[in-house]
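Below: the structure, in structure tokens.
These numbers were taken from a predicted model, which means no experiment stands behind them.
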Protein chains: 2
Amino acid sequence: MTNIRDLAQMAGVSVTTVSRVLNQHPYVSEEKRKAVLEAIKVSNYHKNINAVHLSKGKTQLMGVVIPFSDHSYFAMLLKGIAKQALEHNYKLVLFQTEYIESKEMEALQMLKQKQIDSLIICSRSCDISIIEEHLQFGPIVLCEDNPRSKISSTFVNHYKIFSDALDYLYQKGHRQIGYCIGRRSGTNSQNRELAYQHFHKKYRLPYNSDYIIDQCLYFEDGERVITRIKEMDTPPSALLVTSDQVAAGIVISCQNQQLSIPDDIAIIGFDNEPIAKMLNITTIEIPLVEMGGNLFQQALNRALTNREISVKLIERGTV
Amino acid sequence: MTNIRDLAQMAGVSVTTVSRVLNQHPYVSEEKRKAVLEAIKVSNYHKNINAVHLSKGKTQLMGVVIPFSDHSYFAMLLKGIAKQALEHNYKLVLFQTEYIESKEMEALQMLKQKQIDSLIICSRSCDISIIEEHLQFGPIVLCEDNPRSKISSTFVNHYKIFSDALDYLYQKGHRQIGYCIGRRSGTNSQNRELAYQHFHKKYRLPYNSDYIIDQCLYFEDGERVITRIKEMDTPPSALLVTSDQVAAGIVISCQNQQLSIPDDIAIIGFDNEPIAKMLNITTIEIPLVEMGGNLFQQALNRALTNREISVKLIERGTV
DNA sequence: TTGTAAGCGTTATCAC
DNA sequence: GTGATAACGCTTACAA
């Protein structure tokens, strides 16, 4: 492997001059530039980027933490991040954590060790205080509403969205409303649960924890939801489903099992994915790709910013 | 940022000893080890991994090229790769190319520049000769059947699979068979097209290029397929659909448009995703996660291996 | 416009 | 067991 010193020797110049040519800096005579370029060509030279990284203390690598790479919500966030990354000449290092805390720690570890310049955590498992401790090693951004934290974030107000959606269903006459969620433990999930509790208090409705169905991540989970609902003595008349994929699975399951939508059960999905349009599912549009782009921008800066993204109810045929 | 030299000074030992402790090498007295460990603790020291990379000439980073991160086929391959990566203490650098050649070139560039140790290309855009040229910089593996090439690969025999599936449909009485595909230009796609042509020759069936429908990637593309088929004077009686997602979209579309499956049109999907089971779709099971794992293994070695993975027809209700 | 030389933070070789 | 010291390949003051 030929290096910058070999090049300097071949071209009969100093390493500085070679470096200048390599990084298109000014103040190099055309003559020497050509000599260097020639040397590069004949030697089939390529920069060792690790040396650059060590020297500069930067890697142009950004870490992205997601629990599952085959889940549409995260895939869309990732799409937005990847697009911005490309434009800004950053590469992405992917951490697929499956919500295992130790895998998330590995990402933080890499930030500490300077292998990545900054970190986007799309869904967090480990404690917020641990994240904060790592802030000294580089920008970290989250995709959740964490007031009074020192961490930048892009988020939607899940409390408000859930409240509004529940109100909407209430206006439509629903009194027994359940919801489906991926996991119950995240910040976003907890905000939703809070909204759910407050809703029941506000309208003095009986609170039924059976109506909260978790582990709803993929299309096929919709089947389980319907099976479970059919077993209930007093099933909910409406369901908030925090993923259009799952909502779609529910709709299909209902077809298979002769349940009528929205008469037997009303459905509101989330995200407004194409599948929701196709199946005519009422949903709450969340601009995930845009959010991904915003997360990237925040990770690029050191500034502390918390940006709320607004959403839109798309009324279709499942309510 | 404290470094290994500071540590040596603090602990009153040499950098070598510190390095030994850091890398758990033998031949360090318990006494000095403790001193070093103590220094590490009080100084909040962390290795600069870039220096390690430079020194070792390796990064423990593996590149993965996929066209779309929100496509289930690639998401599953990625899942398998990520799992192995974790076990072998490798991190993944993701290149989302959208089939744009220049983005694939960036991945090759990083291999050249030693920022990644090896590269897995799940779906290739650029010429095979370009890949071969880059083989000198590190292992590159492909996910396609490229006989007589010097490139390692894990693949399924798309020619044979397609031939068998077409024969199967022929036995079931179908004479007008079409197929849906993502793009027509990849090696895998061309093998399938070849099988399709040979099938028609073998049974002396009229060949109708309208029966090949491309750009079929996502669930929602199923709708377009059905729209198109309904416009045909002599529509196919069966469809090979190279993705269960699209097959599922087709099945739903048929429901919406009062087409009966398999009477009006028979469907065979690919991959055996959960959605196929749920919608009772006959499909060809491809162990994508396992293939991903195998790709990783090959990328880890320098040996040239070409491994064919076998598949299985899962008979359900759409044929 | 050009070059010298001092980093960047490790690992590896070799002598003691 | 231990420690100098030379790589690794690049960037960047600073000097000329």
Contacts under 3.5 Å, N or O only, protein and nucleotides 10-13 of chain D:
from, atom 1, to, atom 2, distance (Å)
dC10(D), OP1, Y45(A), OH, 2.4
dC10(D), OP1, N48(A), N, 3.3
dC10(D), OP2, I4(A), N, 2.5
dC10(D), O2, S55(A), OG, 3.4
dC10(D), N4, R5(A), NH1, 3.4
dT11(D), OP1, N23(A), OD1, 3.4
dT11(D), OP1, N23(A), ND2, 3.3
dT11(D), OP1, K47(A), NZ, 3.3
dT11(D), OP2, S19(A), OG, 3.0
dT11(D), OP2, N23(A), ND2, 3.4
dT11(D), O4', S55(A), OG, 2.7

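Partners of D145(A) according to the side-chain contact (heavy atoms from CB on, under 4.5 Å) rule, which considers only residues two or more places apart in sequence or in another chain, are P147(A), F155(A), N191(A). Take K112(A) and apply the salt bridge (charged side-chain N to carboxylate O under 4.0 Å, His left out) test, not counting sequence neighbours, and it matches no residue. Contacts of E98(B) classified as side-chain contact (heavy atoms from CB on, under 4.5 Å), with partners at least two apart in sequence or in another chain: F68(B), Q96(B), I100(B), K103(B). Residues satisfying the side-chain contact (heavy atoms from CB on, under 4.5 Å) criterion with A11(A), sequence neighbours excluded, are V13(A), A35(A), V36(A), A39(A).
S123(B) and R183(B) form a side-chain donor-acceptor contact under 3.5 Å, judged by distance and modelled atom types alone. Residues Q298(B) and T154(B) bring a donor and an acceptor atom of their side chains to less than 3.5 Å of each other. Inspection of the S185(A) and Q190(A) side chains reveals no N or O donor paired with an N or O acceptor under 3.5 Å.
Taking atom CG of residue L54(A) and atom P of nucleotide dT10(C), one finds them 9 Å apart after rounding to whole Å. Per the geometry, CD belonging to Q115(B) stands 16 Å off P belonging to dG9(D), to the nearest Å. Rounded to whole Å, the distance from NZ on K58(A) to P on dG9(C) is 15 Å. The CD-P distance, from Q113(A) to dT11(C), rounds to 11 Å in whole Å.
Between K114(B) and V13(B), the residue anchored closer to the 5' end of DNA chain D is V13(B), taking for each the nucleotide with the nearest heavy atom.
The phosphate of dA4(D) has neither OP1 nor OP2 within less than 4.0 Å of any side-chain N or O from S14(B).
Of the residues in residues 26-34 of chain B, those lying under 4.0 Å from DNA chain D by heavy-atom distance are Y27(B), V28(B), S29(B), K32(B).
Formation of a donor-acceptor pair under 3.5 Å by the N301(B) side chain with backbone atoms of A303(B) is not found in this model.
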